Amino acid sequence: MTEPARKATAVAPSNIAFIKYWGARDLERALPHNPSISMTLSRCFSRCTVEHRPDGDEHRVLLRSSTGELRPPGAEFTQRVVRHLDRIRKMTDCPGGFHVATENSFPAAAGLASSASGFASLSLAATRALGLELDSRELSSLSRLSGSGSAARSALGGYVEWPAVLDDPECCAVALATAEDWDLRDVIAVVDSGPKKTSSLEGHRRAPTSPHYEKRQEQLPARLQAVREAIAQRDLEALGPVLEDEAIDLHLVAMSSKPAIFYWRPATLEVLWQVRSLRDEGVAAWATMDAGPNVHVICPPEAEEPVARRLGALAGVQSVIRDAVGTGPGVVSEHLF
Ligand code: DP6
């Protein structure tokens, strides 16, 4: 073990799920019902600075607000961060408190996986502040324990699978291919940048109440295999239709859960419609969504410009983020405080 660094800053990207985690075997331990596969992003990321204070046991949490200041976030977010810091303190047997500041390069809690990037960056910064060097398996496993399962995937770059192995306490994500292996773009149409009303955590709880939940589970082995093969062969024509089926099924399950969860806004449908039109015109582009109203359009580099132009011109689209597959988290030298 190296000397404790006391203060460390980490950057971790968000990710977009091709095969979704929706429904848990054990929510407390963030063990999913089914494996999921994602693409790690590049421009949508969280940056987190953690300072370890060996002489105190209080944690302090600050989040960059939309107006630019570092402020105490809402009670629910603070509680999740504090619980994770307590967990890290216990697991590493390092007494003391942590001071944390975090910021996102994109709208938080709007289905753009800010908890994935947030908890992966927090886990990396906190362990580095304690002088620990985790490998990607350990970082994935620790990030997962935050309760944000998708954070397990943000611990790695490129194309990532998070398996759902029964009785595997580590349950960490593994790389399927690197970012260099396949340059895919993600054009994100932001139709609502506000926080979502129903958390993914609540969505996982309600998922089994949908009559479509079991049906989706039955289809998953074939879908997972199709996505693994499409990634191995860099075959977007094979990947695209599975992406769209998965996104629609996630929302079908959410909308038919009891009580029902509606993440879509009218502009969500408008974007989906335009993606189909683009395909009819010969542009290779396929849509997917996480638990929110915003639409991710997966496409090759040459389609990025026409997709961004078309979606940016829609009345219901507030902004367009042009993202791409990325290389994963890392430690940086610019601290937030
Ligand atoms: C729809 O429990 O990981 O994005 O912590 O809010 O990111 P957050 O949610 P989490 O569930 C992810 C749900 C999903 C699908 C996915 O990313 O696999």
Side-chain angles (χ1 to χ4, degrees), residues 12-41 44-46 74 76-77 79-81 83-84 102 104 106-123 140-156 159-164 171-173 186 188 195-207 210 213 216-217 220 223-224 227 242-243 245-255 257 261-264 268 287-296 298:
S14 175
N15 66 78
I16 176 66
F18 290 171
I19 298 285
K20 315 290 181 183
Y21 159 40
W22 200 245
R25 212 175 280 281
D26 182 342
L27 256 190
E28 276 301 299
R29 294 190 297 149
L31 295 173
H33 207 158
N34 60 267
S36 53
I37 297 179
S38 57
M39 176 173 102
T40 299
L41 298 179
C44 290
F45 61 83
S46 301
E76 203 184 316
F77 179 82
Q79 209 182 20
R80 282 185 78 185
V81 172
R83 273 215 314 268
H84 198 50
T102 189
N104 297 312
F106 60 100
L112 300 178
S114 59
S115 27
S117 55
F119 282 106
S121 60
L122 175 69
S123 302
S140 173
S141 191
L142 176 62
S143 303
R144 184 199 105 237
L145 290 171
S146 67
S148 170
S150 50
R153 298 188 311 245
S154 273
L156 294 98
Y159 300 86
V160 178
E161 176 159 356
W162 179 33
C171 195
C172 58
D186 179 6
I188 308 167
K196 59 192 180 207
K197 289 194 181 66
T198 312
S199 67
S200 300
L201 204 63
E202 185 54 29
H204 297 306
R205 259 188 218 115
R206 289 188 207 171
S210 162
Y213 185 68
R216 174 169 174 268
Q217 292 295 325
L220 278 173
R223 278 187 191 167
L224 281 156
V227 170
V242 189
L243 281 189
D245 286 351
E246 257 299 279
I248 300 300
D249 277 7
L250 162 74
H251 287 270
L252 180 69
V253 169
M255 288 179 194
S257 293
I261 310 170
F262 276 80
Y263 288 115
W264 290 19
T268 307
T288 183
M289 287 152 287
D290 276 347
N294 303 314
V295 184
H296 295 247
I298 307 299

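Whatever order the structure lists them in is the order used to number ligands and atoms, beginning at 1. Since we're looking at a predicted model, the values are computed, not measured. Numbering of residues begins at 1 and proceeds along the displayed sequence.
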Counting both backbone and side chain atoms, is some N or O of [X] under 3.5 Å from an N or O of ligand 1?
X: Lys20; value: no
X: Ser150; value: yes
X: Asn15; value: no
X: Gly149; value: yes
X: Trp22; value: no

Handout entry: Side-chain donor or acceptor of Ser140 paired with backbone N/O of Ala173 under 3.5 Å
Key =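 Answer holds: yes.
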
Exercise for the section: Evaluate the side-chain contact (heavy atoms from CB on, under 4.5 Å) criterion for residues Val227 and Leu243: first the C-alpha distance (whole Å), next the side-chain angles of each, then the deciding distance (0.1 Å), finally the verdict. Expected result: CA-CA 8 Å; Val227 170; Leu243 281 189; 5.9 Å; no

Problem - Identity of the nearest option to atom 1 (C) of ligand 1, non-hydrogen atoms only, from Ala291, Ala151, Pro35 - result: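 The option holding the nearest heavy atom is Ala291.
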
Problem - Which of the ligand 1 atoms, numbered from 1, are nearer than 4.0 Å to a heavy atom of Ala17 - result: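 Within the 4.0 Å cut-off of Ala17, ligand 1 contributes 16 (C), 17 (O), 18 (O).
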
Practice task
Find all atoms of ligand 1 within a distance of less than 4.0 Å from any non-hydrogen atom belonging to Ser115, and give their numbers and elements.
Solution key: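 It comes down to these atoms of ligand 1: 5 (O), 6 (O), 7 (O), 8 (P).
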
Exercise for the section: For a side chain to side chain contact (heavy atoms under 4.5 Å, CB included) with Ser14, tell me which candidate from Asp186, Leu41, Ile188, Asn104 qualifies. Expected result: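 Testing each of Asp186, Leu41, Ile188, Asn104 against Ser14, the sole residue satisfying side chain to side chain contact (heavy atoms under 4.5 Å, CB included) is Leu41.
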
Practice task
Please indicate whether Arg25 has more than 12 foreign heavy atoms, meaning atoms of other residues, nucleotides or ligands, lying under 6.0 Å from its CZ.
Solution key: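 Count over threshold, so yes.
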
Practice task
Before giving the answer on salt bridge (charged side-chain N to carboxylate O under 4.0 Å, His left out), spell out for Lys196 and Asp290 the whole-Å C-alpha distance, their side-chain angles and the decisive distance to 0.1 Å.
Solution key: CA-CA 11 Å; Lys196 59 192 180 207; Asp290 276 347; over 6 Å; no

Handout entry: Contacts of type ring pair (Phe, Tyr, Trp, His ring centres under 6.0 Å), residue Phe45, not counting sequence neighbours
Key =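 Listed in chain order: nothing, the list is empty.
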
